[in-house]
Amino acid sequence: MEEVYSRNFIQEAIDKDLEQGHYDHVQTRFPPEPNGYLHIGHAKAICIDFGMAQQYNGECNLRFDDTNPTKEDVEYVDSIMEDIKWLGFKWNKVLYASDYFDDIYEAALTLIKKGKAFVCDLSADEIREYRGTLTEPGKNSPYRDRSIEENLDLFRRMTEGEFPDGAKVLRAKIDMTSPNLNMRDPVIYRILRAHHHRTGDKWCVYPMYDFAHPISDTVEGVTHSLCSLEFEDHRPLYDWVLREVGYENPSRQIEFARMNLNYTLTSKRRCLRLVRDGIVDGWDDPRMSTLCGMRRRGYTPEAIRDFCERIGVAKANSVIDFAILEACIREDLNKRAPRAMAVLDPIKLIVDNYPEDKVETFEVEVNPEDPSMGTRQVEFSKYLYIEREDFREEAPNKYKRMVPGREIRLKGAYYVTATGCEKDADGNITAVHCDYAPDSRGGDTADKRKVKGTIHFVSAAHAADAEVRLYDRLFNVPNPSDETGVSDFTENINPESEIVMANAKVESGLRNAKPGDKFQFMRQGYFCVDKDSADGKLVFNRTVGLKDSWSKINKQK
RNA sequence: UGCGGAAUUGUGUAAGGGUAGCACUAGUGACUCUGACUCACUCUGUUCGGGUUCGAAUCCUGAUUCCGCAGCCA
């Protein structure tokens with residue numbers, strides 16, 4: 001069978017570079033700044049950075065971009081590594097931009113000696129004024145023409161801590177009239193007396209991203225430095241730095257569009273709000289788009305990788321439909337998750353013609369999609385629980401579940417026919433009565449008579465108690481960061497994003513489930529055991545519901 | 001009124017002068033011991049004008065719209 005794989009524009013660029021001999025191998029890097037938790041948007045970058053290296057039998061390093069000690073925190077380093085490993089990628093080395101501080105410093109000296117960089121005494125405000133605007137050119141700094149000797153001396157003294165923070169900066173000498181603001185003598189070193197998590201107090205000057213990144217890439221041997229679209233304007237500077245410093249094998253920067261997912265938020269500022277204000281249960285709340293949140297929710301790395309593959313790579317900004325993510329996790333879990341019966345909103349079902357003390361155990365398949373997963377045991381007795389919504393006194397059109405006088409099947413056990421129900425003073429149904437058909441043992445009859453529906457159940461005496469948390473999208477608008485029409489983005493929060501079913505009954509086999517274990521609760525969705533579970537207390541998170549055509553029919557009515 | 005990008009069905013992504021395809025979504029039906037899965041069928045698209053060509057999403061040209069850029073952040 002011949003398959004045609006279409007290549008994305010990055011692969012095409014790499015192919016061409018390889019063909020033309022610009023590089024003879026491929027090396028990439030994933031360069032997070034350690035200042036927050038990784039989210040679904042990062043997953044795309046991770047898949048691309050690590051994925052490209054993998055596809056070309058090259059290497060990918062994890063390199064923390066720690067050039068600004070005032071904004072970074074070691075706290076995040078471990079969680080970032082954990083998330084990448086969890087996603088299923090292996091880095092060649094763990095590196096830090098700070099590993100290259102000496103190289104970067106040398107490069108700065110090289111530039112100064114070439115007359116391509118100068119020490120500037122302008123204040124931050126003045127630099128901004130001199131920079132000009134989008135439509136007007138900038139003006140040269142009065143310090144632009146200092147001699148090489150003076151620049152060397154001043155930069156040395158900056159490094160030695162002679163000047164206070166912000167008093168001077170080192171700037172590249174490029175072109176204050178460039179239509180690209182990034183080329184208007186950009187600052188490449190600033191004085192910052194901050195303790196660095198790696199280099200301690202060794203430095204009081206730190207390089208800017210635009211200077212540190214190309215040098216780190218090239219020194220490290222990165223061939224293709226893949227980043228997001230907003231750095232497109234920075235590429236001329238990236239190339240300028242490598243050319244002027246004089247590297248022989250400069251890295252090549254290629255930009256691709258970030259992923260945006262509708263109904264979700266990834267902005268650090270807003271996510272922090274959700275956490276700080278207690279709107280969610282922390283960074284790993286199952287509704288968060290952080291990788292740790294998604295992991296807790298029950299997403300698998302396979303599904304996330306598949307998702308990143310399906311959405312593709314391009315240069316056009318786009319918003320991915322949340323439904324694609326859901327399709328990915330359903331597809332993965334459908335073939336892998338063991339099935340179980342769980343009654344979320346229980347109502348008693350009494351089998352009147354079944355002996356009081358009798359208990360039968362039925363063997364039920366673990367996963368009809370994969371017979372190799374074997375079978376499990378499910379108890380049956382006179383007192384059961386079924387889902388409240390699986391019984392109606394009057395059957396609406398197309399309703400296939402339990403109705404007085406209609407024979408239906410209890411999954412894997414018997415056919416039963418409802419005979420009536422009990423109600424409390426308010427008219428709420430408190431119990432349903434039925435009779436079972438002894439000839440339907442195991443869920444089939446010799447006469448092959450059909451039933452309209454099959455519902456799930458648990459045996460009251462055997463079932464385990466559980467709390468089940470039903471999660472849904474956190475926001476009820478596609479673009480929650482769009483604050484037009486509301487005074488604050490939190491107004492767009494879906495009040496039903498978490499519904500706790502505190503009195504759920506689950507089949508006995510689930511008693512030993514461990515945090516992270518995943519199941520399909522039949523007819524309901526995919527669930528995983530939450531870390532809040534303790535001995536004797538099971539807590540499940542709904543990862544995603546099953547597709548539900550009944551609810552659509554029901555809604556139309 | 002500067003510079004850099006981008007426009008293909010509801011969403012995302014292919015097609016690189018020759019049948020506009022795929023996935024998700026939506027709809028219809030079949031099947032069903034999960035109203036799931038699976039299967040079948042269906043709907044909806046080349047931003048707009050011009051031009052070149054037997055033939056244009058693709059090449060040329062003009063326009064429009066959207067995104068990014070004025071941190072001593074990354």
Side-chain angles (χ1 to χ4, degrees), chain A residues 4 6-8 12 31-33 35 65-68 70-72 97 120 122-124 127-129 131-138 165-171 178-184 186-192 206 208-210 212-213 227-236 255 257 259 262 310-328 330-331 334-335 339 341 364-365 368-369 398-401 409-413 415 440 442-444 450-456 478 520-525 545-554:
Chain A
V4 180
S6 66
R7 325 221 75 205
N8 65 48
E12 287 177 353
E33 187 184 15
N35 70 349
D65 232 322
D66 56 351
T67 55
N68 187 349
T70 65
K71 298 216 169 169
E72 291 140 14
C120 183
L122 254 24
S123 70
I127 286 182
R128 189 177 319 118
E129 280 170 36
R131 185 155 33 222
T133 68
L134 293 176
T135 51
E136 299 156 30
D165 286 12
K168 295 184 189 319
V169 291
L170 183 68
R171 294 227 251 164
S178 170
N180 181 345
L181 298 251
N182 296 119
M183 301 298 272
R184 317 242 262 229
V187 172
I188 57 177
Y189 258 96
R190 75 281 218 188
I191 302 172
L192 228 47
Y206 292 93
M208 299 287 289
Y209 166 90
D210 278 325
H213 209 88
C227 65
S228 49
L229 244 35
E230 70 263 33
F231 292 102
E232 228 159 1
D233 290 342
H234 296 242
R235 183 165 11 104
E255 313 84 11
M259 169 197 338
N262 61 15
R310 286 197 209 186
I311 63 175
V313 185
K315 293 198 72 157
N317 292 313
S318 58
V319 182
I320 314 293
D321 197 330
F322 197 83
I324 296 180
L325 219 207
E326 293 185 327
C328 291
R330 284 196 188 104
E331 182 179 304
N334 177 48
K335 54 184 192 234
R339 311 285 124 125
M341 291 198 278
V364 183
E365 58 210 335
E369 300 287 323
K398 293 196 181 173
Y399 190 75
K400 307 203 312 199
R401 287 111 99 144
R409 174 167 38 230
L410 293 177
K411 168 78 190 174
Y415 288 4
S440 63
D444 255 327
K450 298 277 186 193
V451 286
K452 235 176 159 178
T454 299
I455 65 171
H456 60 278
Q520 184 201 86
F521 287 174
M522 299 203 79
R523 306 207 299 135
Q524 313 207 79
L546 252 28
K547 279 211 280 188
D548 183 2
S549 51
W550 165 243
S551 74
K552 285 175 192 163
I553 297 170
N554 209 20

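Chain naming here is simple, since letters A, B, ... match the order of the sequence lines and numbering starts at 1 in each. None of these values were measured; they are calculated from a predicted model.
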A/Ile127 and A/Arg171: side chain to side chain contact (heavy atoms under 4.5 Å, CB included), yes or no, with the steps? CA-CA 10 Å; A/Ile127 286 182; A/Arg171 294 227 251 164; 4.0 Å; yes

Once hydrogens and angles are ignored, does a donor-acceptor distance under 3.5 Å link the base of B/rU34 to the side chain of A/Gln520?
yes

**Q.** Separation between the P atoms of B/rU9 and B/rU47, rounded to whole Å
**A.** 7 Å

From NZ of A/Lys398 across to P of B/rU32 the rounded distance in Å is 18 Å

task = Pick the C1' atom in B/rA26 and in B/rA7, then give their distance to the nearest Å.
result = 25 Å

Nearest-Å distance once atom P is located in both B/rG27 and B/rC66:
32 Å

For B/rU1, the nucleotide meeting Watson-Crick or G-U wobble distances (both under 3.5 Å) is none

note: A/Asp321, atom CG; B/rG12, atom P; distance rounded to Å ~ 9 Å

- Tell me what A/Lys315 touches on the nucleic acid: a base, only sugar-phosphate, or nothing, going by heavy atoms under 4.0 Å. sugar-phosphate

Discussion item. Work out how far the P atom of B/rA63 is from that of B/rA20, and round it to whole angstrom.
Written reply: 31 Å

Min side-chain heavy-atom separation A/Ile188-A/Asp210 under 4.5 Å: no

**Prompt:** Just checking A/Arg401: base, sugar-phosphate only, or nothing, at a heavy-atom cut-off of under 4.0 Å?
**Reply:** base

When both distances are under 3.5 Å in a Watson-Crick or G-U wobble arrangement, the nucleotide paired with B/rG45 is none

Note to self: I'd like to know if the side chain of A/Arg409 and the backbone of A/Gly443 have a donor-acceptor N/O pair within less than 3.5 Å.
What the structure shows: yes

B/rU19 -> Watson-Crick or G-U wobble partner, both distances under 3.5 Å, gives none

By the Watson-Crick or G-U definition, both distances under 3.5 Å, B/rA56 is matched with none

From CD1 of A/Ile311 across to P of B/rU25 the rounded distance in Å is 16 Å

B/rC43 and B/rG21: how far apart are their P atoms, nearest whole angstrom? 11 Å

Per-nt protein contacts along nucleotides 69-74 of chain B (heavy atom under 4.0 Å; B base, S backbone sugar-phosphate only, - none) come out as BBSBSB

- Query: Which part of the nucleic acid, if any, lies within reach of A/Arg184 when heavy atoms closer than 4.0 Å are counted: base, sugar-phosphate only, or nothing?
  - Reply: nothing

Notebook entry, point to check: Under a 4.5 Å cut-off applied to non-hydrogen side-chain atoms, are A/Ile191 and A/Tyr206 in contact?
Noted result: no

Give A/Val319 one of three labels, base, sugar-phosphate or nothing, depending on what nucleic acid heavy atoms sit under 4.0 Å from its own. sugar-phosphate

A/Gln524 atom CD is separated from B/rU34 atom P, nearest whole Å, by 15 Å

Per nearest nucleotide of RNA chain B, the residue lying toward the 5' end, A/Pro368 or A/Ile320, is A/Ile320

Taken to the nearest whole Å, CZ/A/Arg523 to P/B/rC37 is 14 Å

Partner of B/rC39 under the Watson-Crick or G-U wobble criteria, both distances under 3.5 Å, comes out as B/rG29

Can you list the steps and then say if A/Lys452 with A/Lys450 is a side chain to side chain contact (heavy atoms under 4.5 Å, CB included)?
CA-CA 7 Å; A/Lys452 235 176 159 178; A/Lys450 298 277 186 193; over 6 Å; no

Next on the checklist: Between B/rG51 and B/rA56, how far apart are the two P atoms, rounded to whole Å?
Outcome noted: 12 Å

From CD of A/Glu326 across to P of B/rG12 the rounded distance in Å is 17 Å

The glycosidic conformation of B/rG71, counting syn as within 90° of 0 and anti otherwise, is syn

Any A/Arg310 side-chain nitrogen or oxygen under 4.0 Å from OP1 or OP2 of B/rU13: no

In Watson-Crick or G-U wobble terms, with both distances under 3.5 Å, the base opposite B/rU65 is B/rA6

### Task
Select base, sugar-phosphate, or nothing to describe what A/Glu369 touches, counting heavy atoms under 4.0 Å on all strands.
base

Review point. Counting any heavy atom closer than 4.0 Å, what does A/Val313 reach on the DNA or RNA strands: base, sugar-phosphate only, or nothing?
Key: sugar-phosphate

inquiry  = Under 4.0 Å from OP1 or OP2 of B/rC37: is there any side-chain N or O of A/Lys547 that close?
reply    = yes

Notebook entry, point to check: Counting any heavy atom closer than 4.0 Å, what does A/Tyr399 reach on the DNA or RNA strands: base, sugar-phosphate only, or nothing?
Noted result: base

Against the side chain of A/Ile324, the closest entry in B/rU13, B/rU34, B/rC24 is B/rC24

May I ask you to test the A/Cys328-A/Arg310 pair for a side-chain heavy-atom distance under 4.5 Å? yes

Rounded to whole Å, CE of A/Met259 lies from P of B/rG12 at a distance of 13 Å

So, do A/Glu365 and A/Arg339 sit near enough that their side-chain heavy atoms are less than 4.5 Å apart? no

**Residues A/Glu255, A/Arg235: salt bridge by 4.0 Å N-O rule** = yes

Under 4.0 Å between a side-chain N or O of A/Lys552 and OP1 or OP2 of B/rA26? yes

Looking at A/Ser551, I'd like to know whether one of its side-chain N or O atoms comes within less than 4.0 Å of OP1 or OP2 on B/rG35.
no

| task | Taking A/Asp233 for its side chain and A/Asn180 for its backbone only, find out whether a donor-acceptor pair lies under 3.5 Å. | result | no

Practice item. For B/rG17 versus B/rA57, give the span between their C1' atoms, rounded off to a whole number of Å. Key: 11 Å

Separation of B/rG10 atom P from A/Phe322 atom CZ, nearest Å, is 22 Å

(request) Verify side chain to side chain contact (heavy atoms under 4.5 Å, CB included) between A/Lys411 and A/Arg523, making sure each step is shown before the conclusion. (result) CA-CA 11 Å; A/Lys411 168 78 190 174; A/Arg523 306 207 299 135; over 6 Å; no

Margin query: Measuring only the P atom in each nucleotide, how far is B/rU8 from B/rG12? A whole number of Å is fine.
Written below: 8 Å

